[in-house]
Amino acid sequence: MIRLIKCEYRKTRGRWIFVMALAITAVQIMWVLYGDYENDFIIQNGWMSFLYQLPLVNAIFLPLLSIIVSSRLGDIEHKGVMLKQLAVITSKGKIYDVKLIYGLAIVLFCNILSWSASVICGYAVGFNGDVPIKLYLIYLLFTMAPTMAVYIFQHTLSLLFKNQAVTFFAGIIGAFLGLFSMFLPQLPLLRRMLIWGYYGVLQFVGMFGWTKETRYASAYFEVMGFDWMFFCILIVICVLIYITGKLLFCRKEV
């Protein structure tokens, strides 16, 4: 397995996949940094404000990151009939696993990088108090789980379809629906039906008391509770997508 991962690295050295992933993460971080950090309410409640806002940002950027990384890795194999050549020297199941591990490692590394940047940003801006590390670790866990589900799905599509436009459009449509579902809190079932919607399902900080007239005068943030049940359901979904995807790929003619 280690030998195959090293081969994966050698194949991708000149394709700038990691650089593109870092570029998307940099844009995500800059999006987070853009804001009115001179507002007293934000300075006083900055740590909770991030936990409220970041799931929406993640729902935009992390599916896009998954689409690009998975499609670029899949495109390598589809060009030059590489899949057929690889299937001669190793099993298709190992090909599926190695490419999944390699791509998922890139995406999750960027995930951790953006999380670390948000904490550093909070200190740099001067948010009041210490970072609520327990809440931020749960937030990281609740961000990585949907990202894993989305990436495994995109990874499967990238290996099943030679035309990576299929992967791209399926991912964009899913990401759009997931983002759209976050603006419909009155329809929680819609979020729970979409793996892209779980960035909103697992969001555990809400803002209350904000109105157009009073704005932040009566606003406050509150921890609404941790939805461990749907976190576990999402992990099961990840496993099911993995098993189904691997089975379909192993049966595919290459």
Side-chain angles (χ1 to χ4, degrees), residues 21 24-35 47-70 103-104 106-119 121-122 132 134-155 157 168 170-207 221-242:
I24 294 171
T25 305
V27 175
Q28 180 183 3
I29 293 170
M30 286 188 289
W31 187 304
V32 173
L33 289 173
Y34 180 78
W47 297 117
M48 297 298 284
S49 174
F50 267 5
L51 292 176
Y52 171 70
Q53 296 176 13
L54 287 175
L56 181 62
V57 178
N58 293 334
I60 298 171
F61 286 97
L62 295 182
L64 177 62
L65 177 63
S66 297
I67 292 168
I68 291 176
V69 172
S70 62
L104 193 56
I106 293 174
V107 171
L108 293 184
F109 172 80
C110 292
N111 203 159
I112 294 171
L113 187 63
S114 63
W115 176 84
S116 303
S118 67
V119 175
C121 171
K134 180 182 176 181
L135 294 180
Y136 269 72
L137 288 175
I138 293 174
Y139 156 73
L140 177 62
L141 183 65
F142 281 6
T143 303
M144 294 175 76
T147 304
M148 287 174 59
V150 171
Y151 186 82
I152 297 170
F153 176 79
Q154 295 294 153
H155 166 74
L157 291 184
F168 180 82
I172 289 296
I173 292 170
F176 173 78
L177 292 175
L179 184 63
F180 180 71
S181 71
M182 293 185 71
F183 292 97
L184 297 172
Q186 69 273 26
L187 296 175
L189 183 61
L190 180 60
R191 293 185 185 183
R192 294 165 184 171
M193 291 173 59
L194 303 164
I195 54 175
W196 300 269
Y198 273 78
Y199 294 104
V201 172
L202 298 178
Q203 184 177 9
F204 56 85
V205 171
M207 184 171 72
F221 294 102
E222 186 175 309
V223 176
M224 300 180 294
F226 310 114
D227 204 335
W228 293 108
M229 184 182 75
F230 276 96
F231 172 79
C232 293
I233 289 174
L234 183 58
I235 297 302
V236 173
I237 292 172
C238 285
V239 174
L240 291 176
I241 296 174
Y242 167 77

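- With Phe50 as the partner, the side chain to side chain contact (heavy atoms under 4.5 Å, CB included) test is satisfied by one option alone out of Val32, Val57, Leu135: Val32.
- For the 3.5 Å distance criterion, the side chains of Tyr139 and Asn58 qualify, holding a donor opposite an acceptor.
- With sequence neighbours excluded, the residues that form a side-chain contact (heavy atoms from CB on, under 4.5 Å) with Ile68 are Met20, Ile24, Leu64, Arg72.
- Residues Trp47 and Tyr136 are in side-chain contact: their nearest non-hydrogen atoms beyond the backbone lie under 4.5 Å apart.
- Arg191 places a side-chain N or O within donor-acceptor distance of the main-chain N or O of Ser181, the cut-off being under 3.5 Å.
- Using modelled atom types, no side-chain atom of Tyr199 and backbone atom of Met182 make a donor-acceptor pair closer than 3.5 Å.
- The environment of Met224 atom CE is dense: over 12 non-hydrogen atoms of other residues, nucleotides or ligands sit within 6.0 angstrom.
- With a 4.5 Å cut-off on side-chain heavy atoms, Leu51 and Phe204 count as touching.
- Nearest approach of Cys110 to Leu65, heavy atoms of both residues: CB-CD2, 3.8 Å.
- Residue Leu108 holds its CG atom at 8.5 Å from OG of Ser66, rounded to the nearest 0.5 Å.
- For the atom pair Thr143 OG1 and Ile112 CD1, the distance stands at 11.0 Å (nearest 0.5 Å).
- Here the CG atom belonging to Leu62 is positioned 13.5 Å from the OH atom belonging to Tyr151, to the nearest 0.5 angstrom.
- From Ile173, atom CD1 reaches atom CG of Leu194 across 12.0 Å, with rounding to the nearest 0.5 Å.
- Between Ile152 and Cys238 the shortest heavy-atom distance is CD1-O, 4.0 Å.
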(request) Kindly determine whether Gln203 and Phe142 satisfy side-chain contact (heavy atoms from CB on, under 4.5 Å), including the steps that lead there. (result) CA-CA 8 Å; Gln203 184 177 9; Phe142 281 6; over 6 Å; no
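- Distance check: Leu202 CG to Arg192 CZ gives 10.0 Å after rounding to the nearest 0.5 Å.
- Using cut-offs of 30° and 60° on the angle between ring planes, the pair Tyr198 and Phe230 is tilted.
- When every heavy atom of Phe221 is checked against every heavy atom of Met48, the shortest pair comes out as CB-CB, 3.8 Å.
- Between Thr25 and Ala21 the shortest heavy-atom distance is OG1-O, 2.9 Å.
- In this structure, CZ on Phe153 lies 12.5 Å from CD1 on Ile237, to the nearest 0.5 angstrom.
- In this structure the side chain of Ile195 reaches within 4.5 angstrom of the side chain of Ile241, judged on heavy atoms.
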(message) Evaluate Phe226 against Phe231 for side-chain contact (heavy atoms from CB on, under 4.5 Å), listing each step before the verdict.
(response) CA-CA 9 Å; Phe226 310 114; Phe231 172 79; over 6 Å; no
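- In terms of modelled atom types and a separation under 3.5 Å, the side chain of Trp196 and the main chain of Ile172 share no donor-acceptor contact.
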